[in-house]
Engineer: 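One structure, as structure tokens, below. Some questions next.
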Amino acid sequence: MVKIAPSILSADFADLKNEIIKLDEAGADLIHIDVMDGNFVPNLTIGPAVVKAIRPYTKLLFDVHLMVKNPDDMIPWFANAGADIITVHAEVCPHLDKTLAAIHKLGKKAGVSLNPSTPESVLEYVLDNLDLILVMTVNPGFGGQEFMENQLSKIAKIREMIGSKPILLEVDGGINALSGAEAIAAGADILVAGTAVFSGGDYRSNIEALR
Ligand code: DX5
Ligand code: ZN
């Protein structure tokens with residue numbers, strides 16, 4: 001079954017506690033948390049204090065997407081704040097294997113994300129050391145951008161690379177009912193969606209529509 005991970009980047013930040021509770025009640029599978037540092041991407045969003053503050057309001061897994069230049073420094077902060085999955089960008093990890101091991105050492109699941117211009121080949125030698133691959137289908141930084149169709153072939157190639165390994169394949173950016181179906185057909189397991197989940201305010205039907 002397709003899993004839906006609403007991105008709280010599109011939530012009402014003034015009411016984050018209730019937004020989390022509503023997403024949980026609406027049938028979300030994971031909570032996707034977009035951490036941006038104003039450096040790796042041109043936007044500044046959520047820090048560990050916020051993750052810690054919302055942690056008591058759901059048992060759903062916190063899927064923390066680190067769009068930051070120095071993830072090694074920040075991994076322990078988010079692990080202590082209550083992250084369950086910590087995903088780093090391959091583009092900023094010269095010692096990717098070591099970074100993934102550091103996440104595992106903290107008892108968390110480790111993910112690797114690829115920008116649209118990054119080839120899937122960077123994953124080849126870390127495939128046995130990760131739990132999740134996150135394919136960006138927009139250039140990271142903002143919600144509400146258009147899905148990049150040219151990433152579908154990358155999703156399909158990664159699905160093939162994964163084979164029978166226990167690795168989740170997640171897609172993030174511009175996901176709606178149509179692009180979501182394309183991503184799933186190409187091999188994705190988890191759809192991240194901000195705009196599509198939050199628009200109109202009926203989170204349950206929006207999540208069902210994506211599923
Ligand atoms: C983009 C973020 C996404 C984004 C998705 O930089 O990583 O998670 O919030 O938002 P939508 O679904 O609106 O593209
Ligand atoms: Zn994200």
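From a predicted model like this one, the values you see are computed outputs, not experimental measurements. Atoms within a ligand are numbered from 1 in the order they appear, just like the ligands themselves.
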Engineer: How far is atom 1 (C) of ligand 1 from the closest protein heavy atom, and which atom is that?
Structural biologist: F142 O, 3.7 Å
Engineer: Give me the atom names and distance for the closest heavy-atom approach of D29 to K3.
Structural biologist: OD2-CA, 3.3 Å
Engineer: Whether K109 and D84 form a salt bridge (side-chain N of Lys/Arg under 4.0 Å from carboxylate O of Asp/Glu) is what I want to check.
Structural biologist: no
Engineer: If you count the atoms of ligand 1 from 1 in the order shown, which ones are under 4.0 Å from a heavy atom of H32?
Structural biologist: 8 (O)
Engineer: Flag yes if more than 12 heavy atoms outside E146 fall under 6.0 Å of its CD atom; otherwise flag no.
Structural biologist: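 It does not: E146 CD has 12 such atoms or fewer within range.
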Engineer: Tell me which N, O or S atom from D34 is the closest to the Zn ion (ligand 2).
Structural biologist: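 This turns out to be OD1.
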Engineer: Quick check on contacts: which atoms of ligand 1 are under 4.0 angstrom from a heavy atom of G143?
Structural biologist: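 The atoms of ligand 1 under 4.0 Å from a heavy atom of G143 are 10 (O), 13 (O).
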Engineer: For ligand 1, which atoms sit closer than 4.0 Å to a heavy atom of G144?
Structural biologist: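 Contacts of ligand 1 toward G144, numbered from 1: 11 (P), 13 (O), 14 (O).
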Engineer: With a 4.0 Å cut-off on heavy atoms, is G174 touching ligand 1?
Structural biologist: yes
Engineer: Will you find, in the side chains of D97 and N129, an N or O donor that is under 3.5 Å from an N or O acceptor?
Structural biologist: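 Yes, because at least one side-chain N or O of D97 sits under 3.5 Å from a partner of the opposite role on N129.
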Engineer: Tell me the protein heavy atom at minimum distance from atom 13 (O) of ligand 1, and give that distance in Å.
Structural biologist: T195 OG1, 2.4 Å
Engineer: Counting each atom of ligand 1 from 1 as listed, which ones have a heavy atom of G173 under 4.0 Å away?
Structural biologist: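 Those of ligand 1 that fall under 4.0 Å from G173 are 14 (O).
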Engineer: May I ask you to list the atoms of ligand 1 that are less than 4.0 angstrom from any heavy atom of H65?
Structural biologist: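 Counting from 1, the qualifying ligand atoms are 7 (O).
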Engineer: At the Zn ion (ligand 2), what angle lies between atom OD2 of D172 and atom NE2 of H32, rounded to 10 degrees?
Structural biologist: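 Reported to 10°, the angle equals 100°.
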Engineer: The Zn ion (ligand 2) is nearest to which N, O or S atom of H65?
Structural biologist: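 Going by distance to the Zn ion (ligand 2), the closest N, O or S atom in H65 is ND1.
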Engineer: Is it true that E25 and Y203 share a donor-acceptor pair across their side chains at a distance under 3.5 Å?
Structural biologist: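 Y203 vs E25: no donor-acceptor pair found between side chains.
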Engineer: Show the atoms of ligand 1 that are less than 4.0 angstrom away from any heavy atom in V192.
Structural biologist: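 So the answer, numbered in order with elements, is 8 (O).
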Engineer: Between D34 and H32, is there a side-chain donor-acceptor contact under 3.5 Å, judged purely by atom types and distance?
Structural biologist: yes
Engineer: Would you say the side-chain atoms of N70 pair up with the backbone N or O of D72, donor to acceptor, closer than 3.5 Å?
Structural biologist: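 No: the side chain of N70 does not pair with the backbone of D72.
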Engineer: Looking only at heavy atoms, is any part of S7 under 4.0 Å from ligand 1, and if so is it the side chain, the backbone, or both, or is it neither?
Structural biologist: side chain
Engineer: Around atom 5 (C) of ligand 1, find the nearest protein heavy atom and jot down its residue, atom name and distance.
Structural biologist: D172 OD1, 3.6 Å
Engineer: Any donor-acceptor pair under 3.5 Å linking the side-chain atoms of H89 with those of S113?
Structural biologist: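 There is such a pair between these side chains.
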Engineer: For a quick test of reading the model, state the closest non-hydrogen atom pair linking A5 to D63 and the distance between them.
Structural biologist: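 So the minimum-distance heavy-atom pair works out to CB-OD2, 4.3 Å.
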Engineer: At less than 4.0 angstrom from any non-hydrogen atom of P140, what atoms of ligand 1 do you find?
Structural biologist: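 Under 4.0 Å from P140, ligand 1 has these atoms: 6 (O).
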Engineer: Just jot down the ligand 1 atoms closer than 4.0 angstrom to any heavy atom of A193, in number order.
Structural biologist: 12 (O)
Engineer: What protein heavy atom lies closest to atom 12 (O) of ligand 1? Include the residue and the distance to one decimal.
Structural biologist: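 So the nearest neighbour among protein heavy atoms is G194 N, 2.8 Å.
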Engineer: Under a 3.5 Å threshold, yes or no: a donor from one side chain and an acceptor from the other, between E91 and T118?
Structural biologist: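 The answer is yes; a qualifying pair exists.
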Engineer: Tell me, which protein residue and heavy-atom name are nearest atom 6 (O) of ligand 1, and how many Å apart are they?
Structural biologist: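 Of the protein heavy atoms, G141 N, 2.7 Å lies nearest.
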Engineer: Between E160 and K157, is the closest basic N to carboxylate O distance under 4.0 Å?
Structural biologist: no
